[in-house]
Protein chains: 2
Amino acid sequence: MNIGDVATRSGLPAKTIRYYEDIGLVKPLRSANGYRMFHASDVHKLAFLGRARALGFSIEDCRGLIKLYEDTDRESAEVKQIAEEHLSRIDDKIAELIEMRATLATLVDACAGDHRPDCPILADLASKQQSLHLKETG
Amino acid sequence: MNIGDVATRSGLPAKTIRYYEDIGLVKPLRSANGYRMFHASDVHKLAFLGRARALGFSIEDCRGLIKLYEDTDRESAEVKQIAEEHLSRIDDKIAELIEMRATLATLVDACAGDHRPDCPILADLASKQQSLHLKETG
DNA sequence: TATTGACCTTCCAGCAGGCGGAACCCTTAT
DNA sequence: ATAAGGGTTCCGCCTGCTGGAAGGTCAATA
C-alpha cells in the first residue's frame with residue numbers, strides 16, 4: 001500500500017513516515033515507479049510508534065521497544081525497565097514544571113497588572129536577591 | 001569587560017552569550033583586537049535573561065520582557081499578560097505530562113517485569129486502537 | 001626571544017523530531 | 001490535452017543552544 005494509505009491508517013503524517021524511514025524505523029520496499037510499498041505490518045508498527053511517541057518515549061526508546069516487541073523471547077523486565085526510566089524522566093519534568101509554576105504564579109499574583117509601571121515580575125527577574133521563591137536546599 | 005568575565009558573572013556560558021548577541025539580545029561593542037566589550041549593564045541583562053529562561057520563558061518572551069524592563073513607562077499589565085500566558089502554557093504542559101504519567105504508570109504496574117516475555121506495556125502499545133486515536137477522529 | 005597556555009575570534013555541524021515548500025514525476029479522469 | 005491528486009527528492013527552518021576546528025591575542029615565563 002502507498003504512503004497516503006499508511007498515513008491514514010496509522011494516524012501519522014506522511015512526512016513523519018518518510019522521516020521514520022530515513023532513520024531506519026521502517027523499511028518499505030519500492031515499486032517500479034519509485035513509490036514506497038508498505039505491508040500491513042508496517043501500519044501496525046507505525047501505529048505502535050505513534051502511541052509510544054504519544055506517551056513521550058524518545059525515538060531511541062521506540063527503537064528499543066520495537067526491537068523488544070518483535071523479539072517474542074524478550075523478558076518483560078527489559079520493557080519494564082525502559083518504561084520505568086521514562087516514567088522517572090516524566091516525574092522529573094513534572095517536578096521541574098511544578099516548581100516553575102509555583103514561582104511564576106507567586107510573581108503573577110503579586111503583580112497588579114494595571115496601568116502603573118511597578119511590576120514585581122520584572123523586579124524579581126532583575127534581581128534575584130529579593131526573590132519570592134528562593135530554594136532553601138540545593 | 002571580556003566575555004569570560006561576563007560569563008562568570010552572569011552565570012551563562014560564553015557560547016550562549018555569543019548566541020544571544022547573534023539573535024540581538026545583547027549588543028556588546030568591540031575593542032581594537034576584535035574582542036567583545038561588555039558593560040556592567042550587559043551582565044545584569046544577561047542574568048535577567050538567565051532567570052527568565054530558567055522560568056521557562058521562550059527567547060521571544062524574553063525579548064518582550066527585556067523591552068518592557070527597559071521601558072520604565074510600561075504598564076505592569078503588559079508584563080503580567082506575558083507571564084500569565086506562559087503560566088497557562090506551563091499548566092497545559094503539566095496536565096499533559098500528568099496524563100502521560102498516569103497511563104504509563106498503569107502499564108508499568110501491570111507488567112511483571114520478570115524473565116517471562118508477556119508484557120502488558122507492549123501489548124497496549126501494539127493494539128490500543130481507540131483511546132489515543134480519539135483526538136484525531138473526534 | 002620564544003614559547004607556553006589561557007583567552008578570544010569566526011564558522012561549521014549537530015542534537016530532537018519533525019514541518020513546510022519547491023520542483024518534479026506518475027496515474028487517472030475528463 | 002489537461003488538471004487534479006497522488007507520489008518523489010532535497011533543502012531549509014524551527015528551539016536553544018553546544019561542541020569543535022582553525023586561528024588571532026595577550027600575559028607570563030624560561
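- Residues satisfying the salt bridge (Lys or Arg N to Asp or Glu O under 4.0 Å) criterion with B/Asp114, sequence neighbours excluded, are B/Arg116.
- Evaluation of the side chain to side chain donor-acceptor pair (under 3.5 Å) rule for B/Arg74 yields no partner, not counting sequence neighbours.
- Residue pairs meeting the ring-ring contact (aromatic ring centres under 6.0 Å, His included) criterion with at least one partner in residues 94-126 of chain B, sequence neighbours excluded, are absent.
- Side chain of A/Ser76 to main chain of B/Cys119: no donor-acceptor pair is present (N/O by atom type, distance under 3.5 Å, no hydrogens or angles).
- The end-to-end axis angle of the helix from C/dT1-D/dA30 to C/dT30-D/dA1, rounded to 10 degrees and based on five pairs per end, is 40°.
- Contact of the A/Leu25 side chain with the A/Leu46 side chain is not registered, since no non-hydrogen atoms from C-beta on lie closer than 4.5 Å.
- In summary, contact between chain A and DNA chain D, defined as any nucleotide atom under 4.0 Å from a heavy atom of the protein, begins and ends at D/dG6 to D/dC10 in the 5' to 3' direction.
- By the side chain to side chain donor-acceptor pair (under 3.5 Å) test, B/Asp22 is found to be paired with no residue, residues two or more places apart in sequence or in another chain being considered.
- Using a 4.0 Å cut-off on heavy atoms, the residues of residues 31-55 of chain B that approach DNA chain C are B/Gly34, B/Tyr35, B/Arg36, listed by number.
- Under a 4.0 Å N-O distance rule, the pair B/Glu75/B/Lys80 does not qualify as a salt bridge.
- In this structure, the side chain of A/Ser88 does not engage the main chain of A/Glu84 through any donor-acceptor pair within 3.5 Å.
- Annotation: proximity of residues 21-29 of chain B to DNA chain D (heavy atom, distance under 4.0 Å) is found for no residue.
- Distances shown here put a side-chain N or O of B/Arg18 below 4.0 Å from the OP1 or OP2 atom of C/dT9.
- One interatomic measurement links the two molecules: CD1 of B/Ile17 to C1' of C/dC7, which rounds to 14 Å at whole-angstrom precision.
- Evaluation of the side chain to side chain donor-acceptor pair (under 3.5 Å) rule for B/Arg9 yields no partner, not counting sequence neighbours.
- Residues satisfying the ring-ring contact (aromatic ring centres under 6.0 Å, His included) criterion with B/Phe57, sequence neighbours excluded, are B/His86.
- Through chains of ILVMFWY side-chain contacts below 4.5 Å, A/Leu29 is grouped with A/Met37.
- Two residues, B/Tyr19 and A/Asn2, neighbour DNA chain D, and the one matched to the more 5' nucleotide by heavy-atom proximity is A/Asn2.
- Residues A/Leu122 and B/Phe48 have side chains in contact (heavy-atom distance under 4.5 Å, counting atoms from C-beta outward).
- The backbone N or O of B/Gly4 lies less than 3.5 Å from no partner atom in the side chain of B/Asn2, so there is not a single donor-acceptor pair.
- Remark: B/Arg36 engages B/Glu21 in a salt bridge, criterion side-chain N to carboxylate O under 4.0 Å.
- Remark: side-chain polar atoms of B/Arg101 are not paired, donor with acceptor, to backbone N or O of A/Leu87 under 3.5 angstrom.
- Listed in residue order, the members of residues 3-16 of chain B having a heavy atom less than 4.0 Å from DNA chain D are B/Pro13, B/Lys15, B/Thr16.
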